[in-house]
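All remarks here apply to the structure that follows.
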Amino acid sequence: MRTGGDTGEDRTVDNSAVDIRGVTKRFGDVVAVDNIDLSIADGEFFAMLGPSGCGKTTTLRMIAGLEFPTEGSLRIFGTEVGTLPPNKRPVNTVFQNYALFPHMNVLDNVGFGLRMQGTGKADARRQAAELIELVQLTGMEQRKPSQLSGGQQQRVALARALVNRPKVLLLDEPLGALDLKLRQEMQTELKSLQRELGVSFVFVTHDQEEALTMSDRIAVMHDGELLQVGSAEELYERPVNRFVADFIGQTNLLDATVLDEDMIVLANGTRVMAPNPHPAGTKVAMSLRPEAIRLGPRGSVPAEHEATSLPGVVAAMTYLGHALVYRVNIDWLELEVRTETVGAQDRLQPGDEVTLWWDRTADWVVPDE
Amino acid sequence: MTLTHNRPIADTAVATPEFEAANERQKRRRGLLLALPAYAYLVLFFAVPLGIVIVYSFATRNRFGGTDLTGWNIDSYTALGDSLVRQVLLRSITLAVITTVLCLVIAYPLAYYMATRRESVRNLMLVFVMIPFWTNFLVRNYAWYVILGTDGPLSRVTETVGIGETRLLFTQSAVVLGLVYGFLPFMILPLYASIERIDGRLLEASRDLYASGFQSFRHVLLPLSMPGVVAGSILVFIPSLGAYVTPEILGGAKTTLLGSYIVTQFLTARNLPFGAALSAVLMVIMLTATIVYFRKGGRTL
């Protein structure tokens, strides 16, 4: 039942774990979150992605109840939670830098939520021990957080939240403080944990690779606005605007003007074929991924790609082992082109005159905002 | 040294225990010379007089109001069992405890409020807390004397309102009021310092984990601010127990406290050994309280 909307967001209300409608959050004069609509399904791994200060953490904190929306409606499993305090909501948070209680050992940290809800000490301990086992920290029960490594603290934070069997788990940049290798391990673990538990995870990150690899769906935010919600594939291949195209993955953005529904005119006057839905005369940008462009000596374009080609001059070449990255000058811009080394054509040298071409389906035209 | 001779010293730059030991000795001595003036000052004006007090407490008072440094005995300490002395001791401790608790109850919310403001407001409030120090302690106590007096502003206000005149001056309540007033900043500052250091996200985390506002205070804020509670309590309890100026001005004759009692022994009764013994007891109580509190605080840190 897709009813549209700028962000391509499904307007299903029933069955959503979190349902955000027209929510705005202002801090004084600053609009941190600007009238967003968002619906997160039960059991979904949902990422909120954007540069720092884009409003993603504020949105997460509103779901947690640590901030209250200035306007709008926020429902968790159908119940309006707008101004309910955090302890009255069926959600738990894994905080950035974990916020473990430094005066309690691992067992008491994990059992904290249960004891606050009135669970008996023995019962709380037993359940906490189960979760500690789940995150593979058995044997560490008596340690203080300061005696744990970053990765172990991360697991304690996870266990401390999950022991309460939240209906939604909120994670605020939980892997940000870990080194690369550990981060990749934890990504896999988090993902499998989420599948196992079947609980919605709402995951805030500024790391697009993390968002792309882990999530069912991703929301891209910028300056308090929700720009696009979709799967990794949708965001990468069909970004809604220049910001999303640029933010997700690497791309070359070529300024252009729409000629008609099939053609655009690039900034240097070259006409290229690019089917698009925009009216003639609209300023647009054509997004070309580095791996989607092919290149060869000037004039070597296959006939079927004649309409989607550009002349250029090689400016630099970098050898990456598995790939070659060329910087190619076209009249007003330097493009990045990535080719596989396997079965490669003759290598081109800086100064070589070349022609670039791409598949008709490889480019994507976004409004120039 | 036996270790060094067990293996030959090679001509390369291997570790040579003698040099290491010399280096360690040097490290231990570093700064000693610089600290010497402070050491000398403390020994001369603190340790030596303390020794004299303790020596005097075992001496004998002679008939002429002087002290004979012969015939050592523990009579002064036996005299502590006297019911009057016990009464003074108990009253002093009670008032010091009441003062400490009141300071804690008043200061904690204020310190929390201050610690959670933005920086400019915080600094301004800190200045306000310290403003009373700009006026002499004695003067401030006399100010209370005037305010609480039978014909003072407080009494006039209550009379005008119709509650009748207040008779606070020369009561234990007046002493507690004066002590709380005088020592409150010593409670606020360490509390503020320790609360300010606590990561606010820990409180958020506790609320997220189903703690109510009070539970969050009880299980997270209070334990984490314990160093401040301990430091503030010691800083208030100790001067309250030995207070002299405030009880003397606001307390009147009926509420003799330990400080005044000791002064009386030295100056009026001219019983130096007994005064010295009382002083020694006071110090032991303070020392015990300090050790107990630090141990307790140390465990929760």
Side-chain angles (χ1 to χ4, degrees), chain A residues 27-28 57 60-68 84-105 108-119 124 128 131 144-146 153 156-166 168-173, chain B residues 104 108-109 111-113 115-122 124 190-234 292-301:
Chain A
F27 295 105
T57 295
L60 193 82
R61 288 170 60 82
M62 285 193 283
I63 302 173
L66 298 167
E67 306 283 357
F68 296 141
L84 272 186
N87 54 330
K88 303 262 166 71
R89 299 183 184 212
V91 301
N92 290 107
T93 309
V94 175
F95 287 82
Q96 195 172 9
N97 301 322
Y98 325 129
L100 298 179
F101 303 124
H103 57 301
M104 297 180 195
N105 61 24
D108 290 338
N109 259 289
V110 176
F112 188 87
L114 295 173
R115 276 185 294 120
M116 291 304 111
Q117 292 176 92
T119 309
L131 259 290
K144 291 281 175 70
S146 58
Q153 291 184 27
V156 176
L158 203 58
R160 187 177 70 167
L162 287 174
V163 76
N164 306 295
R165 310 196 185 287
V168 181
L169 184 72
L170 309 172
L171 304 103
D172 187 5
E173 306 247 10
Chain B
L104 196 57
Y108 202 102
Y112 178 75
Y113 179 77
T116 50
R117 292 313 98 184
R118 60 195 155 84
E119 188 148 359
S120 55
V121 180
R122 253 188 237 177
L124 189 71
L191 275 178
Y192 164 79
S194 75
I195 295 174
E196 199 246 355
R197 269 203 302 270
I198 297 172
D199 185 351
R201 278 174 305 193
L202 295 175
L203 298 177
E204 287 187 343
S206 71
R207 297 304 308 274
D208 185 67
L209 294 164
Y210 307 104
S212 64
F214 178 75
Q215 284 174 315
S216 192
F217 164 76
R218 167 78 186 74
H219 295 287
V220 180
L221 187 63
L222 187 61
L224 288 177
S225 60
M226 224 40 200
V229 172
V230 169
S233 299
I234 289 170
V292 166
Y293 242 150
F294 266 121
R295 282 271 170 82
K296 203 162 174 266
R299 228 179 290 126
T300 57
L301 291 183

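In what follows, chains carry the letters A, B, and so on, assigned in the order in which the sequence lines appear, proteins first and then strands, with residues in each chain numbered from 1. If you're wondering where the values come from, they're calculated on a predicted model, not measured in any experiment.
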| Considering all heavy atoms, the nearest B:Leu202-A:Ala99 contact | CD2-O, 3.3 Å
| field | Minimal non-hydrogen separation, B:Ser212 against A:Asn87, with atom names | value | CA-ND2, 3.5 Å
| Considering residues, nucleotides and ligands other than B:Phe217, do more than 12 of their heavy atoms fall under 6.0 Å from its CZ? | yes
| field | Residue, of A:Leu114, A:Val91, A:Val163, A:Asn92, that accumulates the most heavy atom pairs under 4.5 Å with chain B | value | A:Asn92
| remark: Bottom line for A:Phe101: the part with an atom under 4.5 Å from chain B's heavy atoms is both
| field | Whether over 12 other heavy atoms sit under 6.0 Å from B:Arg117 CZ | value | yes
| Considering only heavy atoms from C-beta outward, does the side chain of B:His219 approach that of A:Met116 to under 4.5 Å? | yes
| task | Using a 4.5 Å cut-off on heavy atoms from C-beta on, say whether the side chain of A:Pro86 contacts that of B:Glu204. | result | no
| message | Just so I understand: if I count every heavy-atom pair under 4.5 Å between each of A:Ala157, A:Gly113, A:Ala161 and chain B, which residue has the most? | response | A:Gly113
| Relative to chain B, which segment of A:Arg160 carries a heavy atom at a distance below 4.5 Å: side chain, backbone, both, or neither? | both
| said: Can you give me the closest heavy-atom contact between A:Arg89 and B:Tyr210, atom names plus distance? | reply: O-CE2, 3.4 Å
| What part of B:Asp199 is in contact with chain A, defined as an atom under 4.5 angstrom from a non-hydrogen atom: side chain, backbone, both or neither? | neither
